Participant: 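This is the structure I have questions about; it appears just below.
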Amino acid sequence: MASLLWGGDAGAAESERLNSHFSNLIHPRKNLRGIKTTTVPNVDGSVNNTEEDDEEDVVDLAANSLLNKLIRQSLVESSHRVEVLQKDPSSPLYSVKTFEELRLKEELLKGIYAMGFNRPSKIQEMALPMMLAHPPQNLIAQSQSGTGKTAAFVLAMLSRVNALELFPQCLCLAPTYELALQTGRVVERMGKFCVDVQVMSPSNLFFLVPRGTDVTKQIVIGTPGTVLDWCFKRKLIDLTKIRVFVLDEADVMIDTQGFSDQSIRIQRALSSECQMLLFSATFEDSVWQFAERIIPDPNVIKLRREELTLNNIRQYYVLCESRKDKYQALCNIYGGITIGQAIIFCQTRRNAKWLTVKMIQDGHQVSLLSGELTVDQRASIIQRFRDGKEKVLITTNVCARGIDVKQVTIVVNFDLPVNQAEEPDYEIYLHRIGRTGRFGKKGLAFNMIEVDKLPLLMKIQDHFSK
Ligand SMILES: Nc1ncnc2c1ncn2[C@@H]1O[C@H](COP(=O)(O)OP(=O)(O)OP(=O)(O)O)[C@@H](O)[C@H]1O
């Protein structure tokens, strides 16, 4: 077994010291024991393997989005400038630094402050004046999850509602029932002091509206299928009376079969005065094409995502004979990695389960996060990890994207990420290990490599020139 330092930014002396520290730890016979075990490998305690276990966990956009919402505690910062493309470039461009400047209703301002918001987020500074302008303007906004988009459009909906009129005036489409539920909760929190404004969303069992009843709630949130049903089949909502139409999570929406067409059917029935807003965390061509089809004459706001970098990460590899050997090497560094918090990545569920069970049997404290768990179960595992109740998380690729666990200092690739052609998956590698340059702390990464996988590692090394 050999270990080699290939981190670019470490000074020679420090490299030497770290290298010798970890080569000591990596020695097979220096196993560290005696760490208490409190975690179970599976929710139900079972370790049965299924055919699916051999598959990689598929990244489910809607589940990831929900997970992010459930575990998020604060705004995601960004060092980039907001880019604005105005429908009419000659009209003045306003931005606000305080919520007071928006001249909101007193009760709405109270709701915002009660949520702990002191000032608008970066995207809100530019988006809110546009969204609240008279006459209303259409907007397409893209910024990564956690930058304050939901709060912005909820504020816009609440400020445009006329509480004295008892019919739906704002309509928000969300890609899943659970995401609609989350947005409904934000409306309820922000609108806490707007006592006459009511929201119809999964959080108040909207599906129980009896036939023939008029909907008196002013804000309606649902998935395209359900909303289509209410509007066209059950005729509960008069789309011509909607003043604000929001299409949230457009990237997730177009990922779901049928939702683009259903959303467009709904949009076509709105009046020409209705304000139309579309939000997305990512902006591939397909999202852009959809956005342009559904939002006429839009202003466009973009906030670029922080780039991931490997600059402040020291990367090691450990050359091993077999999986057993990799396991042994991992046990040997266990004491080292639990000084901070670590995530261990496996390629398949089966491998992740095997590793979890084995580590627990050998007295190590680890927990397993895999795609077969429900979103709530995953959220609770990540929450425990964030709270420092767990030190080591074993996972598949589900955890690599979208989920931002800032305090992770050590990442172990128990398996290298490869694509279907068995070539290295550079993007996943970067997502597993990379940090955002400005906010990321320093980190360590270990790759456990079986001899025959060494060429893959060399390709990764060449790709990143590290
Ligand atoms: N101006 C603000 N000041 C402080 N916190 C804010 C502000 N705006 C939003 N937040 C909080 O930041 C977090 C992210 O906001 P929000 O959910 O609106 O972002 P998002 O871009 O819609 O992300 P996602 O689509 O994942 O929900 C939430 O916890 C929200 O309460």
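Just follow the structure's listing: the first ligand is 1, and inside any ligand the first atom is 1. It should be emphasised that the depicted structure is a prediction, and the values quoted were computed from it without experimental measurement.
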Participant: Have a look at ligand 1 and work out which part of Arg119, if any, has a heavy atom under 4.0 Å from it: side chain, backbone, both or neither.
Facilitator: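 Answer for Arg119: backbone.
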
Participant: Taking distance alone, with N or O pairs closer than 3.5 Å, would you say Ser145 contacts ligand 1?
Facilitator: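 Looking only at distances, the answer is yes, because the N/O contact criterion of under 3.5 Å is met.
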
Participant: Tell me whether the NZ or CZ atom of Lys149 lies within the 45° cone about the ring axis of Phe279 and under 6.0 Å from its centre.
Facilitator: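 Not flagged: Lys149 not positioned over aromatic ring of Phe279.
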
Participant: Check salt bridge (charged side-chain N to carboxylate O under 4.0 Å, His left out) between Lys235 and all other residues, then give those that pass, not counting sequence neighbours.
Facilitator: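 Partners of Lys235 by the salt bridge (charged side-chain N to carboxylate O under 4.0 Å, His left out) criterion come out as none, since no residue qualifies.
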
Participant: If we count only N and O atoms by modelled type, under 3.5 Å, do the side chains of Gln144 and Thr147 hold a donor and an acceptor together?
Facilitator: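 The criterion, which ignores hydrogens and geometry beyond distance, is not satisfied for Thr147 and Gln144.
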
Participant: Which atoms of ligand 1 sit under 4.0 Å from any heavy atom of Thr147?
Facilitator: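 Counting atoms of ligand 1 from 1, those under 4.0 Å from Thr147 are 19 (O), 20 (P), 21 (O).
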
Participant: Does a salt bridge link Arg243 with Glu273, judged by any charged N lying under 4.0 Å from a carboxylate O?
Facilitator: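 Salt bridge between Arg243 and Glu273, a charged N being under 4.0 Å from a carboxylate O: no.
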
Participant: Below 3.5 Å, N or O to N or O, backbone or side chain included: is there any such pair between Gly148 and ligand 1?
Facilitator: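 Right, the criterion is met.
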
Participant: Could a heavy atom of Gly146 be found less than 4.0 Å from some atom of ligand 1?
Facilitator: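 Under 4.0 Å: yes for Gly146.
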
Participant: So is Phe279 touching ligand 1 or not, going by heavy atoms under 4.0 Å?
Facilitator: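 Flag not set, Phe279 not near ligand 1.
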
Participant: Exactly one of Val392, Thr356, Ile381 should register a side chain to side chain contact (heavy atoms under 4.5 Å, CB included) with Ser367. Which one does?
Facilitator: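 By the side chain to side chain contact (heavy atoms under 4.5 Å, CB included) criterion, Ser367 pairs with just one of Val392, Thr356, Ile381: Ile381.
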
Participant: I'd like to check which ligand 1 atoms, numbered from 1 as shown, lie under 4.0 Å from a non-hydrogen atom of Ala151.
Facilitator: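 Result: 8 (N), 9 (C), 18 (O).
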
Participant: Distance-only, no hydrogens or angles: does the Asp229 side chain make a donor-acceptor pair with backbone N or O of Lys233 under 3.5 Å?
Facilitator: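 It does not hold such a pair.
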
Participant: For Phe99, take its heavy atoms, then give the atoms of ligand 1 lying under 4.0 Å from any of them.
Facilitator: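 So the answer, numbered in order with elements, is 1 (N).
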
Participant: Any donor-acceptor pair under 3.5 Å linking the side chain of Gln218 with the backbone of Gln198?
Facilitator: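 Yes.
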
Participant: Purely on distance, is any nitrogen or oxygen of Asn118 under 3.5 Å from one on ligand 1?
Facilitator: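 No: no nitrogen or oxygen of Asn118 is under 3.5 Å from one in ligand 1.
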
Participant: If only atom types and distance count, is the side chain of Tyr316 paired as donor or acceptor with the main-chain N or O of Leu444 below 3.5 Å?
Facilitator: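 Not a single qualifying donor-acceptor pair exists.
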
Participant: What I want to know is whether Ser143 and ligand 1 share at least one N or O pair that is separated by under 3.5 angstrom.
Facilitator: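 N/O-N/O distance under 3.5 Å: no.
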
Participant: If you measure from each non-hydrogen atom of Phe153 to ligand 1, which part falls under 4.0 Å: side chain, backbone, both or neither?
Facilitator: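 Under 4.0 Å from ligand 1, Phe153 contributes no heavy atoms.
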
Participant: Check ligand 1 against Ser121 and write out every atom of the ligand that is under 4.0 Å from a heavy-atom position of the residue.
Facilitator: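 In order of numbering, the contacting atoms are 1 (N).
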
